[in-house]
Amino acid sequence: MSNLMASRRQKAGDDGERSLIGPPSRHVDENLPDRDAPKPLFVYLLAFFSALGGFLFGYDTGVVSGAMILLKKEMNLNALWQELLVSSTVGAAALSALSGGYLNGWLGRRICILVASFIFTVGGIILSLAPDKVVLLVGRITVGLGIGIASMTVPVYIAEVSPPHLRGQLVTINSLFITGGQFIASVIDGAFSYVRQDGWRYMLGLSCLPSVLQFFGFIFLPESPRWLLQKGRSLEAHQVLSQIRGGQNIDEEYDTIRASIEEEEKDLNGGGPVIFRILRHSPTRRALIVGCGLQMFQQLSGINTVMYYSATIVQMAGVRDDKQAIWLAAATSATNFVFTLLGVWLVEKVGRRKLTLGSLLGTGLSLALLAVGFLLSAQNSPPITLHPLDPQNSTCRTYGSCEGCMLDPDCGFCFLENGTNVYDSSCVPVNQSSTDHAAWGRCSNGTEASDNPIWAYNYCPSSYSWIVLFGLILYLAFFAPGMGPMPWTVNSEIYPLWARSTGNACSAGVNWIFNVLVSLTFLHVAEFLTYYGAFFLYTGLAMLGLIFVLGCLPETKGLQLEEIENLFAGQLCSCGEPSPNSNRHVQYIRVKGSNYLPSDNDASDVE
Ligand SMILES: O[C@H]1[C@H](O)[C@@H](O)[C@H](O)[C@@H](O)[C@H]1O
């Protein structure tokens, strides 16, 4: 009973409505069969224009690998500059995602999306016109700032304008656009890799098209009604909500949002910065742990390493032609994209929790398969049979097989091939200005060796590479529908309005910080643990993630945003079971527009 009272106290602050307390299964949206639930077109339009932010996130993070192949030759970039141009964007995204929380609360979601698309456009222009590497770096930091703001604002905006029965699907569309952006970027990379002179300018500059489209779209699109209500602009909020819901009766939804905001205002958990209030208030603190944990485990399961390394994996499997390898890497991003589509379809069918659990389990198993593939390749690594005189007396001459040679970033494997048979192999230093060639000898640039030796940098030829290739496809098939989109989707729904932008800013920041950490450490980890060791490590981390999700992620499917806070009222890790405080919740029903006051004696008020 005390739970009931607490629940009622929590929600019954609005006169003019009466509260009905009932189990989650009874609430309005779940009673409607999916096919009968209204699907107002306008909300799809909003989701599309917002998700262009996701597209830009995917495009700008994905396009750089292809651009770098041309850039490093044209601008003579050394390893440090290449690293800077790739990681600066992700680092800037981390910073701007963290500060995006404040901007979101202050300026609103719409203005933040406008600011992000403006920054994307400016960044794209800087990049396409850059006369030197310093300006390129400025451009890459600029787009990173846009990505950070977009990555935390767009899911929040979509979640706030969506009706509950479509919310998971629509927010997941943003992730579909991220992987779509990565896929289109790889196709553009492939197409413009033939344009040796300035091809990179087109690759980097083309991002201006979607950002301009988004900017003009958002000039005409409305602000989130929830944010408007929070700012006391109730008339506008009512109008916007009714526009978004296609003229349906919105009174009930409007009242629920308003009541919850009024309740939040009464119970602001003292003053001070929002992050401190989040940490002081246990339900939001728990939600923040779940949100940040999900984002951390998303990156720790190694998605960006696998994507980055996919070109090498296909080379290892025997595709030696550069162009073919680029197109096969595009096929990898296409796989990521197609399987995210599966996630969009599944999220409202099986729910967030089951989807994430199934995805993590499959991701872990595929990582183990990848590791086994690398282990077998290492154990059967081709021996080094030639030991040419090394003028630099480098470490390369000390290795007995390809495995040790390829793990040393300063060396590469030069060999001849007859079917699957490797012969006349040597380990020689890599050319410091381009890893495409050896520093000297048969595999160096400009050497016209009649027997056409093959230069393998970062990989070894292996007859077990099909296991690795299979592991890669399996990994994407499991990761993309669940662990890819769910951290973004779940974060957009688990915080109450007052904590939503700050909560999302923190969790998006965690995502970007772990993205930089994992990508920057991968080669070093591989150097110390070997490739199979690195992939076994990711397997272990994915399994830890599985335990975390199993223990801590509740199901949010079908609930109103205002109801979700209750899921975190109980202890943190309750294995997805709703806490005792959350299995009753309140519905607000306007009774003929009258000022109906809830009464404790009213039989309809209790179960
Ligand atoms: O959800 C996205 C998506 O899965 C991308 O493919 C990945 O590159 C991002 O890091 C991730 O946040």
Side-chain angles (χ1 to χ4, degrees), residues 51 53-65 86-87 89-94 97 143-144 147-155 158 168 171-186 291-311 329-344 347 352 355-356 359-360 362-363 366-367 472-473 475-492 504-505 507-520 522 538 541-542 545:
F55 182 88
L56 286 158
F57 159 173
Y59 187 89
D60 279 316
T61 48
V63 79
V64 68
S65 56
V86 177
S87 315
T89 306
V90 186
V143 291
I147 295 177
I149 298 179
S151 70
M152 64 122 324
T153 311
V154 170
I158 301 182
V171 182
T172 309
I173 284 183
N174 182 50
S175 296
L176 182 70
F177 273 49
I178 299 178
T179 52
Q182 289 173 332
F183 169 52
I184 298 292
S186 59
C292 292
L294 276 177
Q295 292 286 24
M296 178 181 83
F297 282 114
Q298 182 200 62
Q299 292 301 320
L300 289 181
S301 354
I303 174 67
N304 290 305
T305 305
V306 173
M307 293 277 280
Y308 160 80
Y309 201 65
S310 64
T332 314
S333 351
T335 316
N336 195 14
F337 171 68
V338 169
F339 281 101
T340 314
L341 206 62
L342 181 67
V344 174
V347 62
R352 291 51 160 163
L355 189 55
T356 313
S359 164
L360 253 176
T363 300
S366 334
L367 281 166
L472 170 75
I473 295 169
Y475 175 92
L476 291 173
F478 277 112
F479 180 90
M483 265 321 265
M486 285 312 109
W488 299 107
T489 304
V490 168
N491 268 288
S492 72
N504 273 275
S507 61
V510 166
N511 180 293
W512 290 111
I513 289 168
F514 278 89
N515 187 333
V516 190
L517 272 179
V518 174
S519 351
L520 283 187
F522 174 64
Y538 294 141
L541 292 170

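Remember, it's 1-based here, ligands and their atoms both numbered in the order they're listed. Position 1 is the first residue of the sequence; numbering continues from there. Please read all numbers here as calculations on a predicted model, not as lab measurements.
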Next on the checklist: Among all the protein's non-hydrogen atoms, which is closest to atom 12 (O) of ligand 1, and how far away is it?
Outcome noted: Gln298 OE1, 2.9 Å
Item to check | Contacting atoms of ligand 1, where contact means under 4.0 angstrom from a heavy atom of Asn336 | outcome: 6 (O)
Next on the checklist: If I take atom CD1 from residue Ile473 and atom OG1 from residue Thr335, how far apart are they, to the nearest 0.5 angstrom?
Outcome noted: 6.5 Å
Checklist entry - Is the Trp512 ring parallel, tilted or perpendicular to the Trp488 ring (thresholds 30°, 60°)? => result tilted
Checklist outcome for this item: When rounded to the nearest 0.5 Å, the distance separating CG of Asn515 from CG of Asn304 is 4.5 Å
Checklist entry - Which atoms of ligand 1 sit under 4.0 Å from any heavy atom of Trp488? => result 1 (O), 2 (C), 12 (O)
Checklist entry - Do Asn491 and Ser507 get their side chains close enough for a donor-acceptor pair, meaning under 3.5 Å? => result yes
Item to check | Nearest non-hydrogen protein atom, atom 6 (O) of ligand 1 | outcome: Gln182 OE1, 2.8 Å
Item to check | Minimum side-chain heavy-atom gap Tyr538-Ser301 below 4.5 Å | outcome: no
Checklist outcome for this item: Met152 and Ala508 have their tightest heavy-atom pair at CB-CB, 3.9 Å
Checklist entry - Taking heavy atoms and a distance under 4.0 Å, where does Thr340 meet ligand 1: side chain, backbone, both or neither? => result neither
Next on the checklist: Heavy-atom pairs closer than 4.0 Å: do any link ligand 1 to the side chain of Met307, the backbone, both, or neither?
Outcome noted: neither
Next on the checklist: Is there a polar contact between ligand 1 and Ser175, counting only N or O atoms under 3.5 Å apart?
Outcome noted: no
Next on the checklist: Minimum heavy-atom separation for Ala94 and Ile513, please, with both atom names.
Outcome noted: CB-CG1, 4.0 Å
Checklist entry - What atoms of ligand 1 come closer than 4.0 angstrom to any heavy atom of Asn304? => result 7 (C), 8 (O), 10 (O)
Checklist entry - Can you list the atoms of ligand 1 that are under 4.0 Å from a heavy atom of Phe479? => result 4 (O)
Checklist entry - Which atom names give the shortest non-hydrogen contact between Phe297 and Met483, and what distance separates them? => result C-CE, 3.8 Å
Next on the checklist: Any atom of ligand 1 sitting under 4.0 Å from a heavy atom of Gln299?
Outcome noted: yes
Checklist entry - Within the structure, does Thr179 bring an N/O atom to less than 3.5 angstrom of an N/O atom in ligand 1? => result no
Next on the checklist: Is it the case that ligand 1 has an N or O less than 3.5 angstrom from some N or O of Gly484?
Outcome noted: yes
